[in-house]
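Every chain is numbered from 1, with letters handed out A, B, ... down the list of sequences. What's counted below: heavy atoms across the whole structure, side chains too, no hydrogens, waters or symmetry copies.
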Amino acid sequence: MKSVILRTMTIYLLPLLLIFSIFLLFRGHNTPGGGFVGGLVSAAAFSLYLIGFGIDKVREILPVEPVKFVALGLLFAVGSALFPVFLGKPFMTGTWMEGRLPIIGSLGTPTVFDTGVYFTVLGVTLNIIFSLFEDKE
Amino acid sequence: MNSVLVLPVVVPFLSGIIMLFLWRYRLAQRVINLIASTVSLSIAIYLTWYIKTSGIQSLYVGAWQSPFGIIFTADLLTVTMILVSGIIGFATALYSLGTMDEHREHFGYYPLLQIMIMGINGSFMTGDLFNMFVWFEVLLISSFALVALGGTRKQLEGAIKYVVLNLLSSSLFVVGVGILYGLVGGLNMADIAQRVPLVENQGMVTVMAMFFLVSFGIKAAIFPMFFWLPASYHTPPAAISAIFAGMLTKVGVYALFRVFTLIFIQDIPFTHSVIIFLAMLTMLSGVLGAASQMEFRRILSFHIISQIGYMILGLGLMTPLGIAGGVFYIFHHIIVKTNLFFVSGIVNEIKGSYLLKKLGGVLKLYPILGLLFLVPALSLGGVPPLSGFWAKFAVAKAAVQSQEYWALGVSLLVGLLTLFSMIKIWNEVFWKEQKAELAGEQRLLREMPKLKVFMMMSPIALLAIITLIIGLYPQPFVEFTNEAATQLLNPSMYINAVLRGGQ
């Protein structure tokens, strides 16, 4: 699609949406938000870019295959589940860091798990959208 | 600390993730798959030893006390299944290296395989009914992808039947879990088992039992919900249909064993009579279906159904010997059936067909392959001294003890007809001269790379040896299954381990 308005806007919207998605991710554990929504928002940001510029341009700014995001997300998830085992607690026990960080709040394995969800959702969504677009061309 | 209980799930999962990172690297995926299956097998062996020596163990995932959190529990039935899934996973990994085509490997065959094994192991380990549903979905979704992978016309046709029937079964399952939750207010199986006797409306519990019987029955392919199995299992490549034939229906059988020895034991005269009745019909319809087939893998698929009947019969009898026989049967059957599918795949590699009419003369070419076919085939038919004989003997003896003479008669007749089918395959594929005008293009083993031949033949030999060992030294296996049956028939052992024993 060759719309000047869309293209111009997308260039500004893409970073904004990505930042917003990360904000949603970290806001997640006590308030509305979380990895799933965050992943969808960031996938939406890339899709917007895809509609504006075409699939080749997206592949340029996103040099890794979407399936790698899925793998990364799953790795985060299983890592967060395995981490407590090394501390001598049962599998998947929520383990929290002491103290609070500014903005993010407290960090712990659920946050890591949510980050995993974020990447998995991003990867799966992009994978679907990419294959739809590649099919057309 | 029982963290070892999560390993049968975590190891396949981790290896699947690593293979996703190496998405386009075929060689790396093959190596990782083999390593992961070896590790899984060793963990399974360790776990079997661990549970055998220290009794039923449970792990409270996330440190949530049961019955509130999800738990992983391993009793002897569980570890039997985990062990056999480890063996089959290893054999399939080897066999896939020899037979899987590049195209399918390229599109994620190995990650899917590992994720499916994760789902299978998860459904064995979990002690939570809803969690079991989730694991069923994990294994089903990857199996959907595996059955359709490659996308040939025949495969997609089989996949549609497979997917639709299994989705139906899953939705019944989740509805059943929902209603049961409404009745007893718990999802933890041990907790449900404790609460079921307190339910005022016992009729409703029996209704739920039938609900679960239908849902797991579809997955286990018992009468009358078996028709999806022979319609789909012969379509994917041999390695995939072999692990499907070995493991997937047995997940349903495992679930039946679990709920009908733990939860739904409040009206045994009714529920378990229904199971015996269905078992007889399952055996008969499976074996009669096989008799009319003329395609290698379709015959084998129908025989899965008839053999499921024996396992369910053992469950329906609900005596120590019956349950032990059922468990023994599951173990023996998975190994034998997977092996037969492997052999069918090799015959296809050599002769390029699965149709009995087009095949023939394999014995003359490869006597060893004929022998390797005979071991599982005769075992399936129940010829002593192979493993199938002891399995059938235990179930038949249990039927006599419970005075279920109809079931006894049916099981003996079905054994005979099974032998008939196996001899039919033997005659058509190995014995008779191949008709020259029907023969396809032939590829001799010596024309194939040596490594490929080794990787195709070694799993068959491995499984045949296991069959022989079980057949010749049945004592430890019989004792093991007897112990498993004792645990299953005393639900209080399981309940205690889950509700009070975990960490």
Side-chain angles (χ1 to χ4, degrees), chain A residues 29 35-36 39 43 59 62-97 106 108-132 134-135, chain B residues 1-25 28-29 32 36 57-66 68-74 106-108 110-112 114-115 118 122 125-128 131 134 138 141-142 145 151 501-503:
Chain A
H29 34 261
F36 196 92
R59 288 217 187 271
L62 206 72
V64 282
E65 281 173 85
V67 70
K68 300 279 161 66
F69 281 121
V70 179
L72 184 71
L74 293 176
L75 195 66
F76 266 105
V78 77
S80 80
L82 277 179
F83 178 70
V85 176
F86 295 110
L87 299 181
K89 294 180 190 162
F91 187 68
M92 260 187 157
T93 311
T95 318
W96 295 90
M97 212 174 79
S106 48
T109 50
T111 326
V112 180
F113 188 89
D114 230 13
T115 317
V117 174
Y118 176 93
F119 282 117
T120 311
V121 170
L122 172 64
V124 169
T125 318
L126 283 185
N127 215 344
I128 294 170
I129 293 172
F130 278 19
S131 8
L132 285 177
E134 272 162 358
D135 227 34
Chain B
M1 194 44 136
N2 281 328
S3 286
V4 62
L5 291 192
V6 295
L7 284 181
V9 174
V10 168
V11 169
F13 190 34
L14 267 180
S15 63
I17 293 171
I18 297 171
M19 286 191 271
L20 278 185
F21 274 116
L22 303 167
W23 183 243
R24 296 286 180 213
Y25 302 91
Q29 292 199 355
I32 292 169
Q57 297 294 324
S58 52
L59 167 76
Y60 297 167
V61 174
W64 291 95
Q65 285 302 304
S66 100
F68 305 110
I70 288 168
I71 55 154
F72 270 27
T73 316
H106 209 71
F107 281 94
Y110 292 116
L112 282 170
Q114 287 298 334
I115 300 290
M118 165 176 110
M125 297 297 303
T126 186
D128 184 284
N131 196 232
V134 175
V138 170
I141 285 168
S142 17
Q503 294 166 358

Compile the donor-acceptor pairs under 3.5 Å between side chains in residues 6-14 of chain B and protein atoms, sequence neighbours left out, one pair per line.
none

Which pair of non-hydrogen atoms, one from A/Pro90 and one from B/Gly62, has the smallest distance, and what is that distance?
CB-N, 4.4 Å
Quick one, B/Phe21 with A/Leu72, criterion side chain to side chain contact (heavy atoms under 4.5 Å, CB included). Give me CA distance, side-chain angles, the key distance, then yes/no.
CA-CA 8 Å; B/Phe21 274 116; A/Leu72 184 71; 4.0 Å; yes
Pair count under 4.5 Å, heavy atoms only, with chain B: among A/Thr95, A/Val67, A/Val64, highest is A/Val67
Atom pairs and distances, donor-acceptor, side-chain atoms in residues 117-128 of chain A, under 3.5 Å, two or more places apart:
from, atom 1, to, atom 2, distance (Å)
A/Tyr118, OH, A/Ser21, OG, 2.7
A/Thr120, OG1, A/Gly116, O, 2.7
A/Thr125, OG1, A/Val121, O, 2.5

Could you give the distance from CG (A/Leu75) to CD1 (B/Ile17), rounded to the nearest 0.5 Å?
5.5 Å
Heavy atoms from other residues, nucleotides or ligands near CH2 of B/Trp23 exceed 12 (cutoff 6.0 Å)
yes
First locate atom CG of B/Leu20, then atom CD of A/Glu65, and finally report the distance between them rounded to the nearest 0.5 Å.
10.5 Å
Are B/Leu5 and A/Phe91 close enough that some pair of their side-chain heavy atoms sits under 4.5 Å apart?
no
